[in-house]
S.K.: 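Structure in structure tokens, see below.
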Number of protein chains: 2
Amino acid sequence: MQESTSPGAGRPRADVTAEVFAATLRSVHEFGYAGATMDRIAVAAGVAKTTLYRRWPSKGALITACLVDAFGPAPLLGEDREAVLTTAIRWGAARIGDPGVGAAFAGVFTDAVSDPALREILTNELQAPYLRVLQDALGESEQRVRFVIDVVMGTLLHRMGISGEPMAEDDVEALIAMVIGVFR
Amino acid sequence: MQESTSPGAGRPRADVTAEVFAATLRSVHEFGYAGATMDRIAVAAGVAKTTLYRRWPSKGALITACLVDAFGPAPLLGEDREAVLTTAIRWGAARIGDPGVGAAFAGVFTDAVSDPALREILTNELQAPYLRVLQDALGESEQRVRFVIDVVMGTLLHRMGISGEPMAEDDVEALIAMVIGVFR
DNA sequence: TAATTATGCTACTGCAAGTAGCGTAATTTA
DNA sequence: TAAATTACGCTACTTGCAGTAGCATAATTA
């Protein structure tokens, strides 16, 4: 969206978004959410800190954008709701297990509790798309889908936060079975 | 534990723990986790900031202690596992809905992701007691109980973080039904 | 009265988010 | 080629908070 507000004058933006996102996840993975300072991310990405702020209004916004990129579109494969849920949950668990993603998610998430502006970014940019797509794929009410998202993401993040490790496979399968049970 | 390392000499500690905890929750409720600075908490409690640090080693430790106090012992009432789970989950949801508690929990939780020392405090002081008691009351393996705690607390906190509001009653009941389904 | 311990207070360090301003590089348009 | 334009890197700065140091003082026991 809005890559060019002007027709075509001036120095073009350097194509460093991918490097910045990668550097962000690397920094979070290595130093934790709080330890991943904007200075560090900038250095790791080979970019000036001011450039980061020219593109993203805050650290929370940068990390959210990074998460949106890291998750991407959800794979909603399968013929029935059970299959769709199974693949989606496995996919979500795997993404949260990717280096830095879980910690980044948990961090931005909690910042959002105290920061309404960030909460709106998080809700609109990250959650809303999945909410809509899932609602459509499952044929369920918004309330029910919202509930499922809370259960799945909440559980995965809680495990990540308490143990510092992503959830093991057998527990993910238990989570899938439990959620499927709701829709039966 | 260890309220008096010395027999009885010197000025006694002022009995301000209750005021500090109350001021902590008030501050978190009003300003959010990040906005609840140690200075603000101290002023709200009518205590010097240095006094806070004389009693709790860090902000995270203070908030965790505050949460331990706010939750207290879990009411494990009921004759069968379903009843126990139902009362326990309703109770947890209500506590998280108490002013400041949900935000404080979410905040300290995410700080813990980046801070192993705090994670240990959180795990030992807050989670471990409930884990033990629930394991005993439900007669289930540690893995299963841990899973249930992840599901319940994760879901409630995720809702709190995304919406800024505690989970509504009917969703809590859905959560209870879902968890009970696991044990059947 | 002396020893002891906790408190309030002021001042400080360290660090990270976010900002301002400058000189300069890479484009488009005339 | 020469403006005009826009993004960049860089340095330096402000602001705010966690956590610390040191001192005078209050409240207790021996």
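Within every chain, numbering begins at 1; the chains are lettered A, B, ... in the order of the sequence lines, protein sequences first and strands thereafter. Reckoned from all heavy atoms, side chains included, excluding hydrogens, waters and symmetry mates.
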S.K.: Does anything in residues 58-67 of chain B come within less than 4.0 Å of DNA chain C? Heavy atoms only, and list the residues if so.
M.R.: none

S.K.: Please set out all donor-acceptor pairs under 3.5 angstrom arising from side-chain atoms of residues 124-137 of chain B, sequence neighbours excluded.
M.R.:
from   : atom 1 : to     : atom 2 : distance (Å)
B/N124 : ND2    : B/E120 : O      : 3.3
B/Y130 : OH     : B/G72  : O      : 2.3

S.K.: What's the closest nucleotide to the side chain of A/R13 if the choices are D/dA7, C/dG8, D/dT29?
M.R.: D/dA7

S.K.: In whole angstrom, what separates A/D15's CG from D/dA7's P?
M.R.: 15 Å

S.K.: Pull out every protein N or O sitting under 3.5 Å from an N or O of nucleotides 20-26 of chain D, one pair per line with the distance.
M.R.:
from   : atom 1 : to    : atom 2 : distance (Å)
D/dA26 : N3     : B/R11 : NH1    : 3.3

S.K.: Tell me, which pairs form a salt bridge (charged side-chain N to carboxylate O under 4.0 Å, His left out) where one or both residues lie in residues 49-66 of chain A, sequence neighbours left out?
M.R.: A/D39-A/K49

S.K.: Below 4.0 angstrom, which residues in residues 34-47 of chain A have at least one non-hydrogen atom near DNA chain D?
M.R.: A/G46, A/V47

S.K.: Measure CD/B/E19 against P/C/dT7 and give the value in whole Å, please.
M.R.: 13 Å

S.K.: Measure from the side-chain heavy atoms of A/A14 and tell me the nearest of C/dT7, D/dC8, C/dA26.
M.R.: D/dC8

S.K.: To the nearest 0.5 angstrom, please state how far the CE atom of B/M153 sits from the CE atom of B/M160.
M.R.: 11.5 Å

S.K.: Is the number of heavy atoms from other residues, nucleotides or ligands under 6.0 Å of B/E19 CD greater than 12?
M.R.: yes

S.K.: If you link ILVMFWY side chains whenever their heavy atoms are less than 4.5 Å apart, which other residues fall into the same cluster as A/L62? By chain and number, please.
M.R.: A/V16, A/V20, A/F21, A/M38, A/I41, A/V47, A/L52, A/Y53, A/W56

S.K.: To the nearest 0.5 Å, what is the distance between CD on B/E169 and CD1 on B/I176?
M.R.: 9.5 Å

S.K.: First locate atom CG of A/L85, then atom CD of A/E140, and finally report the distance between them rounded to the nearest 0.5 Å.
M.R.: 9.0 Å

S.K.: Which is it for A/E82 and A/R184 under the salt bridge (charged side-chain N to carboxylate O under 4.0 Å, His left out) test, yes or no, and what are the steps along the way?
M.R.: CA-CA 9 Å; A/E82 291 192 13; A/R184 215 179 338 228; 2.9 Å; yes

S.K.: Roughly how far, to the nearest 0.5 Å, is CD1 of B/I121 from CD1 of B/I63?
M.R.: 12.0 Å

S.K.: What is the distance from OH of A/Y33 to P of C/dA16, rounded to the nearest Å?
M.R.: 14 Å

S.K.: Starting at OG1 of B/T64, measure out to CG of B/D69 and round the result to the nearest 0.5 Å.
M.R.: 12.5 Å

S.K.: Is the distance between the ring centroids of B/F71 and B/F105 under 6.0 Å?
M.R.: yes

